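The structure under discussion appears below in the form of structure tokens.
The sequence lines fix the lettering, A, B, ..., with proteins before strands; numbering per chain opens at 1. What you see is a predicted model, and the numbers here were worked out from it, not measured in a lab.
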Amino acid sequence: MSEYKLTPQSEDFNEWFNTLVQRADLADYGPVRGTMIIKPYGWALWENIQQGLDKRFKATGHVNAGFPMFIPKSFLEKEAKHVEGFSPELAVVTIGGGEELAEPIVVRPTSETLAGHAYANWIKSYRDLPVLINQWNSVVRWELRTKLFLRTAEFWWQEGHTAHATYEEAETETRQMLDVYHDFAVNEAAVPVIRGRKSNIERFAGADQTYTIEAMMKDRKALQAGTSHNLGQNFARAFDIQYLDRNNELQHCWTTSWGFSTRFIGGMVMTHGDDKGLVLPPRLAPFQVVIVPIYKNDDEKSQVMPVVQRIQAELVAADVRVKVDNREDLTPGFKFNDWELRGVPVRMEIGPKDVSKGTVALARRDMPGKEGKSFVSQAGLTSQVQTLLKTIQANLLETATQFRDAHIQDARNYDEFKQIIAAGEWGDCWWAGSDADEKRIKEETGATTRCFPLAQPEGTSQCMLTAQTANEVVLFAKAY
RNA sequence: CGGGGUGUAGCGCAGUUGGUAGCGCACCGUGUUUGGGACGCGGGGGUCGGCGGUUCGAAUCCGUUCACCCCGACCA
């Protein structure tokens, strides 16, 4: 009945998200303020994300390692901007084994400093370069305002840390990993993202250059979905990461770092989800197909279940992730709604009528109601399902891309800009403003620069704010 | 840290002028049901967020504290 229904997105997007994340069994609140328990269904989704990214990291020559979660506090202080950026949100351990520690230990908020320390020891020669290491872990940032998946005191992610002989190599690496994130987001998660460069103000603490992939949520707010930093020689200088080049001259390395977190799960929820619940992209969904067997009595059950099991086995053999919902005492109708809430891309109903006719009913999650429901033959079912999963995957990307593009508007002057932002849209504008101008716009409109897209239009034009000649276009939006 | 809100069963809530705690869902048992959120009957479950006070008596009144949620300043 009504208590089953989610708050509609249009009524209260935030409420929709909070209740959905919990009801769909993605996550729950932890006992410590701002912490999150990722439940098995949510973690299964994260595992699929990890696999999709990890194989891309390996394919580009990276290896995984594990660094400690404890960092000497002094390490953070070695890079001036880094400590300035992170000190407000550090969790610090001062007691160990009942004794006051000689030096406080920081629970890692990110591991640039640990990598810097280790790489300084490991790298002696140009022959040791490049170092291409990634790690999967969790990090802690003492956030003031938290929200499940999007901003929690602890979150899970991967952080890549690389060291190179030249600026060009480091820049190539930084851009390559941005492309990896882009490829993953678009092709695995069906989340369209815009690659771009962050402004001075939005840049990572300690980086020379920060690149980002930005996604638009269904409430049209922007979400930074992954970042890649060219750290220049900032950390190499702070930690003495040096190598002897071919000419026997001592050189500082050029380092990078890049990260992609469980925040992205929230991004997927807010990109594809609807008023019935999650809509998961087939390539990442823990279950791609759920089979709901339908029967009224033991006689019908004994006819239906062998067919269910045969089809299940065929799908499993074809590497389709399939779940049979054989819970007793729940009506099929309840199960339909339940799996829609959890975002399973395809539902297959198999009942007595299907057994006698040699058919099944297929319903696609991305098309609610009768429109998305069809009755198909059991012959060649596996390949039909595989085709349908691909169709759904493509449709999600197409729908999300159209939605995003429909809500990015050109702003030629500040009046136009203010209207666009007030209407909740993204502003696409020529920009030659200063850091101070950027801050002013944030104060006046609530919008921040999301990125200077890598794909820039030709030529120059007038800055939206200052009317000076602008060489670049920037995207402004309200963001998470 | 500023503003607003909420704390009563796992979840959502009610609880009147203070009188010793209830409803729906969920859960357990049982029977009938089952192609879009089934129903009957029978059950179990609560230091009313914590502490202190007023009172013969506090979920209710007073004080204090804590937690969480929402809105602002900072952030993946």
Side-chain angles (χ1 to χ4, degrees), chain A residues 1-6 12-15 17-19 22-23 28-35 84-90 109-110 138-159 181 198 201-205 210 212-215 222-229 257-267 276-277 292-298 300-301 304 325 327-341 347-355 357 359-361 363 368-370 372-373 375 439 442-443 446 448 479-480:
Chain A
M1 298 307 167
S2 61
E3 65 265 23
Y4 286 109
K5 289 224 165 62
L6 288 166
D12 187 341
F13 194 81
N14 206 46
E15 176 70 14
F17 178 84
N18 285 334
T19 54
Q22 291 175 82
R23 292 254 304 270
D28 206 344
Y29 292 100
V32 172
R33 171 197 180 82
T35 60
E84 185 189 324
F86 278 105
S87 56
E89 48 189 81
L90 294 179
T110 181
S138 69
V139 289
V140 168
R141 298 180 188 178
W142 213 258
E143 297 289 351
L144 300 176
R145 237 184 95 200
T146 61
K147 187 178 171 71
L148 290 174
F149 285 115
L150 298 193
R151 188 175 299 103
T152 46
E154 180 187 14
F155 60 87
W156 288 263
W157 74 344
Q158 59 69 218
E159 44 175 328
Y181 290 154
K198 283 291 189 186
I201 288 173
E202 299 288 326
R203 188 176 296 151
F204 175 75
T210 288
T212 176
I213 51 172
E214 295 287 326
L223 186 77
Q224 180 173 316
T227 50
S228 185
H229 315 291
S257 67
W258 25 277
F260 191 104
S261 76
T262 43
R263 163 181 266 198
F264 192 78
I265 293 175
K276 284 175 167 294
V292 179
I294 292 157
Y295 46 79
K296 289 188 174 68
N297 49 49
D298 284 348
E300 288 185 355
K301 183 179 177 183
V304 166
D325 188 349
R327 289 177 290 179
E328 302 284 352
D329 302 324
L330 286 177
T331 62
F334 182 91
K335 293 177 181 179
F336 298 167
N337 286 284
D338 197 37
W339 291 108
E340 279 167 4
L341 181 73
R347 180 182 74 242
M348 186 181 294
E349 304 166 24
I350 304 176
K353 292 178 208 163
D354 299 299
V355 171
K357 287 193 288 190
T359 59
V360 302
K370 283 183 180 167
K373 193 157 168 174
F375 299 89
K439 283 180 187 162
K442 184 179 181 183
E443 280 169 26
T448 51
Y480 276 103

Any idea which heavy atoms bring A/Lys147 and A/Thr152 closest together, and the distance?
O-CG2, 3.6 Å
For B/G52, give its Watson-Crick or G-U wobble partner with both distances under 3.5 Å, or none.
B/C62
As its Watson-Crick or G-U partner within any shown strand, both distances under 3.5 Å, B/C1 has B/G72
Answer with base, sugar-phosphate or nothing: what part of the nucleic acid does A/Asp354 contact at a heavy-atom distance below 4.0 Å?
base
Is A/Lys353 touching bases, backbone alone, or none of the nucleic acid, heavy atoms closer than 4.0 Å?
base
Kindly state whether the pair A/Phe336 / B/G37 counts as stacked, where counting means centroids closer than 5.5 Å and planes tilted less than 30° apart.
no
Is there a Watson-Crick or G-U wobble partner for B/U47 with both distances under 3.5 Å, and which nucleotide is it?
none
Rounding to the closest angstrom, what is the interatomic distance between B/C51 and B/C56 at atom P?
22 Å
Distance check needed: B/C69 C1' versus A/Gln22 CD, whole Å only.
11 Å
Measure distances between side-chain N and O atoms of A/Asp338 and base N and O atoms of B/G37, and say whether any donor-acceptor pair falls under 3.5 Å.
no
So does A/Asn297 have more than 12 non-hydrogen atoms from other groups sitting under 6.0 Å from CG?
yes
Quick one: which of B/U34, B/A76, B/G36 gets closest to the side chain of A/Glu143?
B/A76
Closest listed nucleotide, where the reference is the side chain of A/Arg141 and the choices are B/U34, B/G36, B/C75:
B/C75
Take the protein atom CG of A/Leu330 and the nucleotide atom P of B/C39, then report the distance between them rounded to whole Å.
13 Å
With heavy atoms under 4.0 Å as the rule, sort A/Leu223 into base, sugar-phosphate or nothing.
nothing
Just compare B/G35, B/U34, B/C74 and give me whichever is closest to any side-chain atom of A/Lys296.
B/U34
Could you tell me whether A/Lys198 contacts a base, only the sugar-phosphate backbone, or nothing, with contacts defined as non-hydrogen atoms closer than 4.0 Å?
nothing
Paired with B/G22: which nucleotide, if any, by Watson-Crick or G-U wobble criteria at under 3.5 Å for both distances?
B/C13
Would you say A/Lys373 places a side-chain N or O within less than 4.0 Å of OP1 or OP2 belonging to B/G36?
no
Residue met sooner reading RNA chain B from 5', once A/Thr146 and A/Arg263 are mapped to nucleotides
A/Thr146
Which one, B/A38, B/C71, B/G36, comes nearest to the side chain of A/Thr331?
B/A38
Using both distances under 3.5 Å as the test, list the Watson-Crick or G-U wobble partner of B/G42, or none.
B/C28
Name the nucleic acid region contacted by A/Ala225, choosing base, sugar-phosphate or nothing; use a 4.0 angstrom heavy-atom cut-off, strictly under.
nothing
By the 4.0 Å heavy-atom rule, please label A/Tyr29 as base, sugar-phosphate, or nothing.
sugar-phosphate
Quick check: any donor-acceptor pair below 3.5 Å linking the side-chain of A/Arg347 to the base of B/G35?
no
Could you please name the option among B/C69, B/C75, B/G35 that lies closest to any side-chain atom of A/Glu89?
B/C75
Touch check for A/Ser138, heavy atoms < 4.0 angstrom, all strands: base, sugar-phosphate only, or nothing?
nothing
Of the nucleotides B/C71, B/A76, B/C74, which has the atom closest to the A/Asn14 side chain?
B/C71
NA contact type, A/Glu15, heavy-atom cut-off 4.0 Å: base, sugar-phosphate, or nothing?
nothing
Hey, does the side chain of A/Asn18 come within less than 4.0 Å of B/C70's phosphate (OP1/OP2), counting only N and O?
yes
Please confirm whether any donor atom in the side chain of A/Ser261 sits under 3.5 Å from an acceptor in the base of B/A76, or the reverse.
yes
Counting only Watson-Crick or G-U wobble pairs whose two distances fall under 3.5 Å, which nucleotide matches B/U6?
B/A67
Once you apply a heavy-atom cut-off of 4.0 Å, does A/Gly259 come out as touching a base, just sugar-phosphate, or nothing?
nothing
Looking only at heavy atoms, what is the nearest atom pair of A/Thr110 and A/Val139, with distance?
N-CG1, 4.0 Å
Check every strand shown and say whether A/Glu349 touches a base, only sugar-phosphate, or nothing at a heavy-atom separation below 4.0 Å.
base
Ignoring hydrogens and angles, tell me if any N or O in the side chain of A/Arg263 forms a donor-acceptor pair with the backbone of A/Leu150 under 3.5 Å.
yes
Considering only heavy atoms and no angle criterion, is a donor-acceptor pair shorter than 3.5 Å present between the side chain of A/Arg151 and the base of B/C75?
yes
Pairwise C1' distance, B/G45 and B/G50 [rounded to whole Å]
22 Å
Least distance between heavy atoms, A/Ile213 atom then A/Phe260 atom
CD1-CE1, 4.2 Å
For A/Thr146, what residues pass the side chain to side chain donor-acceptor pair (under 3.5 Å) criterion, not counting sequence neighbours?
none
Please state how far atom NZ in A/Lys5 lies from atom P in B/G37, giving the value in whole angstrom units.
10 Å
Separation between the C1' atoms of B/G46 and B/G22, rounded to whole Å:
11 Å
Is there a donor-acceptor pair closer than 3.5 Å between any side-chain N or O of A/Glu202 and the backbone N or O of A/Lys198?
no
Between atom CZ in A/Phe334 and atom P in B/U34, what is the gap in whole Å?
18 Å
Can you confirm if the NZ or CZ of A/Arg347 lies within 45° of the ring axis of A/Phe336 and under 6.0 Å from the centre of its six-membered ring?
yes
